[in-house]
*Asks:* 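Take this structure first; my questions come after.
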Amino acid sequence: MNKALKLVVMYILFALVFVVLGTAFYFLFLNVLNFSAGQKMLFFNKTLVFKSFMYICTCLLVIICPCLAYFRIRHRGGIIQLLFYIGLCVLTWLLLLPLCLKGAQSAGVFEASKSSDHVVTAGYFRETENKVYYLTKDLKASEPGSSVNAVIIDTDDKGEIKFEQVKSTPDFPLFKNAEPYSDILLKQSFSNSEDSKTSALSALSFKDFLMHAGEAKAKGGTFWLGFLSFGLVLCCVYGISHMFDWKLVNASFVILFSGFFIVINTLYYGSAFEKIKAWAAGNGFISSFSDKFDAPLLVLFNLFFSVVFLVIGIIRCFKKSSADED
């Protein structure tokens, strides 16, 4: 009973630490995305704090069950601990995750990380598309059609220096080429090249994955159950947490498989698996489930390994019981 209660305490402590630190770091990340040279950085913004909090809470619920399975390796209990673990998994995926997805949607987590009211500040030289821009006044994206005077220096060999007006439009180079940042100076500082489509920070985003989770929840029925197959396979990692007699090997397997399924389920909705998804769409058996699941191949993949982990856990449990009797 004590080890089962320790599992609950570990759940609460890990959640608190992860949410506090994660919210702080993600809030800083959003601050950097929305920062422009010459502006004061906001150390507290209620909108960004709530957005960061909901995003981190949703990410937490994805990884917390495998963390409990890892904790169980060194604090192994009996059937009561298993029942507590099942209860925490049900609480996480059937109650807390839908609430967090709803909160994340209301907080605008699935929207662009960069604020729509970002500003290109005056008094700085910014280079893009072989031109250097120097604005005499701030240019605000929240005021489309507004214009300011700017010095534009052509960096070609026979380039000219012009003094003309520039307008606030989505296609204005200092807005367009700064993505995902607000200021192209920051992008040039953090990225290897101005033309890179993603930065190291934005590559860590779970937004597309969480957006698909929200869509599955909105559809309900088998679509939501299909998404929950991801939660099932992560929870079933518990079955291999005592597969071997060596704790280090067990820990390695739990970390390896947890990371593997998180990566596969996260990246599956992107372009990395286009060929596999095209093959699945052409397969008669797999495509027959397309009217029930958004990603039938991924659902079958998750269910298959869930059964494998459950069988391994049951076999290991019976073997231990037999050894104890002997």
Side-chain angles (χ1 to χ4, degrees), residues 1-20 22 56-101 206 209-210 213 217 224-266 299 301-324:
M1 186 65 180
N2 288 336
K3 290 184 178 180
L5 291 176
K6 283 183 179 179
L7 202 67
V8 178
V9 173
M10 177 62 185
Y11 184 96
I12 296 172
L13 289 178
F14 180 81
L16 288 174
V17 173
F18 186 89
V19 168
V20 171
I56 293 300
C57 282
T58 312
C59 294
L60 162 72
L61 298 178
V62 172
I63 67 170
I64 194 166
C65 291
C67 291
L68 292 181
Y70 178 85
F71 176 78
R72 184 252 183 184
I73 295 173
R74 295 194 62 183
H75 302 83
R76 186 183 178 194
I79 187 65
I80 297 179
Q81 186 188 58
L82 175 60
L83 293 175
F84 270 63
Y85 177 79
I86 294 173
L88 290 173
C89 290
V90 171
L91 173 70
T92 299
W93 286 89
L94 296 185
L95 181 61
L96 296 180
L97 184 61
L99 291 175
C100 281
L101 286 174
F206 283 93
F209 167 73
L210 296 179
K217 181 65 178 70
W224 177 237
L225 290 176
F227 174 79
L228 289 179
S229 67
F230 174 46
L232 179 63
V233 73
L234 287 183
C235 294
C236 288
V237 169
Y238 187 93
I240 61 172
S241 62
H242 202 68
M243 186 166 59
F244 301 100
D245 293 327
W246 299 279
K247 293 180 180 179
L248 181 60
V249 177
N250 291 329
S252 300
F253 265 66
V254 168
I255 295 173
L256 177 65
F257 279 106
S258 299
F260 173 73
F261 287 108
I262 289 174
V263 169
I264 293 296
N265 280 266
T266 301
V299 173
F301 178 80
N302 290 334
L303 291 177
F304 172 78
F305 278 97
S306 298
V307 173
V308 170
F309 292 157
L310 283 174
V311 171
I312 291 174
I314 292 171
I315 293 175
R316 182 63 184 176
C317 181
F318 277 114
K319 279 189 175 182
K320 182 182 182 303
S321 300
S322 300
D324 291 341

*Asks:* Once side-chain contact (heavy atoms from CB on, under 4.5 Å) is applied, do any residues pair with I12, and if so which ones, sequence neighbours excluded?
*Replies:* V8, L16

*Asks:* To the nearest 0.5 Å, tell me how far R72 CZ sits from M10 CE.
*Replies:* 15.0 Å

*Asks:* Name all residues meeting the side-chain contact (heavy atoms from CB on, under 4.5 Å) criterion together with V20; count only those two or more places apart in sequence or in a different chain, and write none if there are none.
*Replies:* none

*Asks:* Which atom names give the shortest non-hydrogen contact between L234 and V62, and what distance separates them?
*Replies:* CD1-O, 3.1 Å

*Asks:* Which residues pass the ring-ring contact (aromatic ring centres under 6.0 Å, His included) test with F14, sequence neighbours left out?
*Replies:* F18

*Asks:* Extract all donor-acceptor atom pairs below 3.5 Å that involve side chains of residues 306-315 and protein atoms in other chains or at least two apart in sequence.
*Replies:*
from	atom 1	to	atom 2	distance (Å)
S306	OG	V233	N	3.3
S306	OG	N302	O	2.7

*Asks:* Please name all residues satisfying side-chain hydrogen bond (donor to acceptor under 3.5 Å, both in side chains) with T58, sequence neighbours left out, ordered by chain then number.
*Replies:* none

*Asks:* List for me each residue that meets ring-ring contact (aromatic ring centres under 6.0 Å, His included) alongside F304, sequence neighbours excluded, and say none if there are none.
*Replies:* none

*Asks:* According to salt bridge (Lys or Arg N to Asp or Glu O under 4.0 Å), does anything in residues 245-254 pair up with another residue at least two apart or in another chain? List the pairs.
*Replies:* D245-R316

*Asks:* Do you know the tightest heavy-atom contact between L228 and L94?
*Replies:* CD1-CD2, 3.5 Å

*Asks:* Check whether any side-chain heavy atom of F305 sits under 4.5 Å from a side-chain heavy atom of I264, and report yes or no.
*Replies:* no

*Asks:* Using 30° and 60° as the class boundaries, would you call the ring planes of F230 and F209 parallel, tilted or perpendicular?
*Replies:* perpendicular

*Asks:* Please report the closest heavy-atom contact between L7 and F71, naming both atoms and the distance.
*Replies:* CD1-CD2, 3.7 Å

*Asks:* Under 3.5 Å, sequence neighbours excluded: what are the donor-acceptor pairs made by side chains of residues 79-92?
*Replies:*
from	atom 1	to	atom 2	distance (Å)
Q81	OE1	G77	N	2.7
Q81	OE1	Y238	OH	3.3
Q81	NE2	H75	O	2.7
Y85	OH	C235	O	2.8
T92	OG1	Y11	OH	2.6
T92	OG1	L88	O	2.7

*Asks:* How close do F261 and F301 get, heavy atom to heavy atom, and via which atoms?
*Replies:* CE2-CE2, 3.5 Å

*Asks:* Excluding sequence neighbours, so at least two apart, what forms side-chain contact (heavy atoms from CB on, under 4.5 Å) with I255?
*Replies:* Y70

*Asks:* Considering only residues two or more places apart or on different chains, which pairs with a residue in residues 251-266 satisfy salt bridge (Lys or Arg N to Asp or Glu O under 4.0 Å)?
*Replies:* none

*Asks:* Looking only at non-hydrogen atoms, find the nearest pair between S229 and V299 and report the distance.
*Replies:* OG-CA, 3.7 Å

*Asks:* Got a second to check how far F260's CZ is from N265's CG, nearest 0.5 Å?
*Replies:* 9.0 Å

*Asks:* What's the separation between atom OG in S258 and atom CD1 in I240, rounded to the nearest 0.5 Å?
*Replies:* 7.0 Å

*Asks:* Check H242 against N250 and note the closest heavy-atom contact, atom names and distance.
*Replies:* CA-ND2, 3.8 Å

*Asks:* Enumerate the salt bridge (Lys or Arg N to Asp or Glu O under 4.0 Å) contacts for residues 61-70, please, sequence neighbours excluded, ordered by first and then second residue.
*Replies:* none

